[in-house]
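The block underneath contains the structure these notes are about, expressed in structure tokens.
A quick note: this is a predicted structure, and the numbers were derived from the prediction, not measured.
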Amino acid sequence: QVQLVESGGGLVQPGGSLRLSCTASGISFRLNDMGWYRQAPGKPRELVAHITHFGSTNYADSVKGRFTISRDNAENTAYLQINSLKPEDTAVYYCTIAELWGQGTQITVSS
């Protein structure tokens, strides 16, 4: 069975932090790149962070310096550490590996 399971979203005040997790099963996790996307209502889906199977990373300009993507191959899990949250970060966040997608987790940033 091939599956991605996401967790970690929620409601947070501006300036707060969250950590998203995405655990994969049924695939060779360590051989694949991972990515995090987000989609806000009325806006296109946006790639916010990417990590290769070697551990190299890149980020969208809008999140650079605030978001950190990482992976733990022993646990088949990728993470997105999100700091200094802004209201414009409000969106559904999705993890992806190869052509597989998680179910999405909602982040709402509001005072």
Side-chain angles (χ1 to χ4, degrees):
Q1 182 99 39
V2 178
Q3 187 178 27
L4 298 180
V5 179
E6 296 172 303
S7 63
L11 174 65
V12 65
Q13 294 185 1
S17 297
L18 290 170
R19 188 175 75 157
L20 306 183
S21 299
C22 179
T23 298
S25 60
I27 61 171
S28 185
F29 178 87
R30 66 181 181 87
L31 299 179
N32 285 278
D33 295 358
M34 289 281 308
W36 287 95
Y37 287 77
R38 67 185 181 188
Q39 188 165 27
K43 297 181 180 179
R45 186 181 299 169
E46 176 188 21
L47 176 65
V48 297
H50 174 262
I51 185 167
T52 71
H53 72 282
F54 293 111
S56 298
T57 60
N58 58 28
Y59 301 91
D61 288 342
S62 59
V63 308
K64 193 171 297 183
R66 300 187 298 118
F67 289 20
T68 302
I69 188 171
S70 61
R71 64 191 297 158
D72 184 342
N73 288 342
E75 298 295 331
N76 291 343
T77 299
Y79 303 95
L80 188 67
Q81 178 67 44
I82 306 175
N83 298 326
S84 302
L85 277 159
K86 304 174 180 179
E88 53 263 42
D89 295 321
T90 296
V92 179
Y93 285 73
Y94 301 89
C95 69
T96 182
I97 178 169
E99 295 183 357
L100 303 175
W101 291 80
Q103 81 284 358
T105 184
Q106 175 74 45
I107 292 177
T108 302
V109 185
S110 176
S111 59

*Nearest-0.5 Å distance, OG1 of residue Thr52 to CG of residue Asn32*: 11.0 Å
*Under the side-chain contact (heavy atoms from CB on, under 4.5 Å) rule, what do Met34 and Ile97 come out as? Steps first, then yes or no, please.*
CA-CA 5 Å; Met34 289 281 308; Ile97 178 169; 3.2 Å; yes
*With distance as the sole test, does Tyr94 use its side chain to make a donor-acceptor pair with the main-chain N or O of Glu6 at under 3.5 Å?*
no
*If you measure from CZ on Phe29 to CZ on Arg71, what distance do you get to the nearest 0.5 Å?*
4.0 Å
*Are Val12 and Ile82 close enough, and set up right, to give a side-chain contact (heavy atoms from CB on, under 4.5 Å), and what steps lead you there?*
CA-CA 11 Å; Val12 65; Ile82 306 175; over 6 Å; no
*Around atom CD of Gln103, are there more than 12 heavy atoms of other residues, nucleotides or ligands at under 6.0 Å?*
yes
*Do the side chain of Arg66 and the main chain of Ser84 share a donor and acceptor less than 3.5 angstrom apart?*
yes
*Ser62 and Glu88: side-chain donor and acceptor closer than 3.5 Å?*
no
*Report yes or no: do Leu100 and Ile51 belong to one cluster of Ile/Leu/Val/Met/Phe/Trp/Tyr joined by side chain heavy-atom distances under 4.5 Å?*
yes
*asked:* Less than 3.5 Å apart, any donor N or O on the side chain of Thr77 or Thr23 sitting next to an acceptor on the other?
replied: yes
*Check step by step if side-chain contact (heavy atoms from CB on, under 4.5 Å) holds for Ser17 and Gln81.*
CA-CA 8 Å; Ser17 297; Gln81 178 67 44; 4.1 Å; yes
*May I ask you to say whether Lys86 pairs ionically with Asp89, meaning some side-chain N is under 4.0 Å from a carboxylate O?*
no
*Roughly how far apart are Ser7 OG and Leu18 CG, rounded to 0.5 Å?*
11.0 Å
*Just how far is it from atom CZ of Arg45 to atom CZ of Arg38, taken to the nearest 0.5 Å?*
14.0 Å
*Applying ring-ring contact (aromatic ring centres under 6.0 Å, His included), name anything that partners Tyr37, two or more places apart in sequence or on another chain.*
Trp101
*Does Val2 belong to the same Ile/Leu/Val/Met/Phe/Trp/Tyr cluster as Leu4, with side-chain heavy atoms less than 4.5 Å apart forming each link?*
yes
_Between OH on residue Tyr93 and CG on residue Leu80, distance to nearest 0.5 Å_ = 7.5 Å
*Among the clusters formed by ILVMFWY side chains lying less than 4.5 Å apart, do Val92 and Tyr79 turn up in the same one?*
no
*Provide the closest heavy-atom pair for Leu20 versus Gly8 in the form atom of the first, atom of the second, distance.*
CD2-C, 3.5 Å
*Between atom OG1 of Thr90 and atom CD of Gln106, what is the distance when rounded to the nearest 0.5 Å?*
7.0 Å
*Please name the pair of heavy atoms, one in Ala40 and one in Ala91, separated by the smallest distance, quoted to 0.1 Å.*
N-CB, 3.9 Å
*What are the two closest heavy atoms between Trp36 and Ala78, and how far apart are they?*
CZ2-O, 4.1 Å
